[in-house]
Amino acid sequence: QLLHKPLDSLVVQEEIALAKFCRDPAIAVPAPVFVVNRCDFFLNRCMEKQSKVYRTYLQILKEELIPAMGCTEPISIAYAAAKAREVLGCTPDMVKIGVSNNIIKNVKSVVVPNTDGMKGIEAAAAAGIVGGHADKALEVISEVTAEQKGSMRSFMKEVPISVEAIDNGFIFDIIVALYHGADSAVVRICRYHTNIVFIQKNSDILLDNTAAESKPACGGDNPAEDGLSDRNLLTIADIFDFANTCDTADVCPVLDTQIQYNTQISEEGLLGDYGANIGSTMLKFYGDDVRNRAIAKAAAGSDARMSGCELPVVINSGSGNQGITVSVPVIEYAKALAVPKDRLYRALALSNLIAIHEKTGIGRLSAYCGAVSAGCAAGCGIAYLQGADLKAISHTLVNSLAIVSGIICDGAKPSCAAKIASSVQAGIMGYHMYQNGQQFRGGDGIVTKGVENTIRNVSQLGREGMRETDKEIVKIMLQES
């Protein structure tokens, strides 16, 4: 009888512990639940491993899901500074730093890890110069010693460090220049956190890829990032097929690290006293069911990260907060549902790629809060764990984006955790709306019929519509300095 049903009407689920469904009122039981061999029903929709889409999606996960210690914008400054120190070959006696407005916004209020609580651009650069290892990229200051922490403060007192806002047409732009007597070294990072495009030692240009970055990130629909795989190949339908049919041996290396690191920092956030303690507040006042645990643990990871916790995370779209948000809620639901590890891998592949797809059109940095993209994608991963098909996941994403797309990004700081909580809550509500036969329809505000059309609308809102908002946010933040 199953063979005569349309493919999309089947709810595919592997070995679900139904008893756990019944004990937790926050989990809706899909009806009916079929325990089937996925290959029997997805044979005609399997994505070939050698296809361009499969290889690109796998490479995107490898490029995006990388470890980082500390908020990634100050860490990117530390990385540039460490590289410049390496090129200079000695400790500088003068430092000049130029950064775009969005870097100022995202570094101003967040604690730089391994600095004994210091904040700001100067602290990030000093950490990279004094204790950084450029070969470790976004884990550049993960091996700072106690002696080096003391030396950072001395360095900042003794060495002049100047910072200026620059506008070369790029939202993400960092230039670090170090000087020692007649010698100098310059390193520039542009467009994304590890993208070194220019290195100069005295008058010798050692690297110059600035021509490849001549098209600013704010232009075009989805501008390509030099050196990275083409994100324009991402679609919700293909992401769903990839998640269903990928060889989990291909994705488990990056996902295992994400599960380990991001779970650890979320648990630390609940145990310690970090920021505004949004995670523990959620558990104290809103209960301990799986829905609230998923929200609280994601928020707790950000509580810790924004307040200088020295545990690493696996990032998404260049952001540790987004990496935590897109994964921890899915991991928490997987535990409650007692799904096989294979199912968790597929759900995480789906949620991560959907978040990257959403952010591609918006850009790395924007006045549009990145936690929104990640929280809505987490709702899709949670839906997938419970047997959601492509239609359900599409509606989950549209519903949730319609709820929270107005949240602004005003830099990295403790309130990010509360924005994460709201975004994950919206992601879960988006799925529950669909289960309840409800949806936001085309013409309801920024919602347009078709999930890809709504994603494009959100991209336009975040990239173009909020450009002036971004400038005003930075202006307000600098007035508060």
So does Y384 get a backbone contact from the side chain of R343, meaning a donor-acceptor N/O pair under 3.5 Å? yes
Does L311 form a side chain to side chain contact (heavy atoms under 4.5 Å, CB included) with Y261? I'd like the steps, not just the answer. CA-CA 8 Å; L311 290 173; Y261 284 10; over 6 Å; no
If we count only N and O atoms by modelled type, under 3.5 Å, do the side chains of Y274 and E268 hold a donor and an acceptor together? yes
Less than 4.0 Å between a side-chain N and a carboxylate O, is that true for R191 and D173? no
With a 3.5 Å cut-off and no angle check, do the side chains of E452 and H357 form a donor-acceptor pair? yes
With a 4.5 Å limit on heavy-atom distance, are the side chains of K413 and M306 in contact? no
Side-chain contact test, heavy atoms from C-beta onward, threshold under 4.5 Å: evaluate it for M118 versus M156 and give yes or no. yes
Between K149 and E143, is there a salt bridge with N-O shorter than 4.0 Å? no
Would you check if there is a donor-acceptor pair between the side chains of E64 and S317 at a distance under 3.5 Å? no
Give a yes or no answer on whether the side chain of S400 reaches the backbone of L397 with a donor-acceptor pair at less than 3.5 Å. yes
Is the shortest heavy-atom distance from the side chain of Y54 to the side chain of C246 under 4.5 Å? yes
When you compare the side chains of N399 and Q438, does any donor N or O come within less than 3.5 Å of an acceptor on the partner? no
So do the side chains of S366 and R463 get within less than 4.5 Å of each other, counting heavy atoms only? no
When you measure from the side chain of S307 to the backbone N and O of G275, does any donor-acceptor pair fall under 3.5 Å? yes
Measure across A298 and I324 and return the closest heavy-atom pair with its distance rounded to 0.1 Å. O-CG2, 3.5 Å
Just checking, is any N or O donor in the side chain of D256 or Y345 under 3.5 Å from an acceptor N or O on the other one? yes
Verify side chain to side chain contact (heavy atoms under 4.5 Å, CB included) between C376 and V404, making sure each step is shown before the conclusion. CA-CA 9 Å; C376 296; V404 285; 4.0 Å; yes
For the pair S423 and I407, evaluate side chain to side chain contact (heavy atoms under 4.5 Å, CB included) and give the outcome as yes or no after the intermediate values. CA-CA 9 Å; S423 299; I407 297 179; 4.2 Å; yes
Would you say E63's side chain and S229's backbone share a donor-acceptor pair under 3.5 angstrom? yes
Do F172 and H193 have ring centres separated by under 6.0 Å? yes
Spatial distance of atom CD (Q258) from atom CG (L61) [nearest 0.5 Å]: 9.0 Å
Would you check if the side chain of T263 reaches a backbone N or O of Q260 as a donor-acceptor pair within less than 3.5 Å? no
One should read off an interatomic distance between N106 CG and R364 CZ, to the nearest 0.5 angstrom, of 13.0 Å
To the nearest 0.5 angstrom, please state how far the CD atom of E464 sits from the CD1 atom of I362. 12.0 Å
Would a distance-only check, ignoring hydrogens and angles, find a side-chain to backbone donor-acceptor pair under 3.5 Å from S422 to A418? yes
Rounded distance (nearest 0.5 Å) linking atom CG of L234 with atom CD1 of I455: 9.5 Å
Is the backbone N or O of L348 less than 3.5 Å from a side-chain atom of S351, with the two atoms forming a donor-acceptor pair by type? yes
From CD (E122) to CD1 (I77), nearest 0.5 Å: 9.0 Å
Salt bridge check, R346 against D342: does any charged N sit closer than 4.0 Å to a carboxylate O? yes
If we count only N and O atoms by modelled type, under 3.5 Å, do the side chains of Y79 and T194 hold a donor and an acceptor together? no
Considering only heavy atoms from C-beta outward, does the side chain of K419 approach that of V372 to under 4.5 Å? no
Closest heavy-atom pair and its distance - I141, G132: CG2-CA, 4.2 Å
Considering non-hydrogen atoms only, spot the tightest contact between A421 and A299 and give its length. CB-CB, 4.3 Å
Any side-chain heavy-atom pair of V398 and T448 under 4.5 Å: no
Under 4.5 Å between any side-chain heavy atoms of K391 and Y434, yes or no? yes
Main-chain N/O of V176 paired with R188 side-chain donor or acceptor, under 3.5 Å: no
Is K105 salt-bridged to D410, cutoff N-O under 4.0 Å? no
When you measure from the side chain of N262 to the backbone of G323, do you find a donor-acceptor pair of N or O atoms at a distance under 3.5 Å? yes
Closest non-hydrogen atom pair between S266 and A300, with its separation: O-CB, 3.5 Å
Give, for atom CG of L353 and atom OH of Y57, the distance between the pair rounded to the nearest 0.5 Å. 7.5 Å
With no hydrogens and no angle check, just 3.5 Å: does a side-chain donor-acceptor pair link N277 and D273? yes
What are the two closest non-hydrogen atoms of I174 and S76, and how far apart are they? CD1-OG, 3.6 Å
Test your reading of the model: is there a side-chain donor-acceptor pair from T257 to the backbone of P253, 3.5 Å cut-off? yes
Please step through side chain to side chain contact (heavy atoms under 4.5 Å, CB included) for the pair L255 and N352, ending with a clear verdict. CA-CA 10 Å; L255 295 179; N352 277 289; 3.9 Å; yes
Of all the heavy-atom pairs spanning A243 and L350, show the shortest one and how long it is. CB-CB, 3.9 Å
Decide yes or no for C409 and Y368: does some side-chain heavy atom of the first lie under 4.5 Å from some side-chain heavy atom of the second? no
Check whether the side chains of N101 and D470 place a donor and an acceptor atom closer than 3.5 Å, and report yes or no. no
Apply the test salt bridge (charged side-chain N to carboxylate O under 4.0 Å, His left out) to residues D250 and K49: give CA-CA distance (whole Å), side-chain angles for both, the deciding distance (0.1 Å), then the verdict. CA-CA 10 Å; D250 290 339; K49 289 187 67 170; 3.3 Å; yes
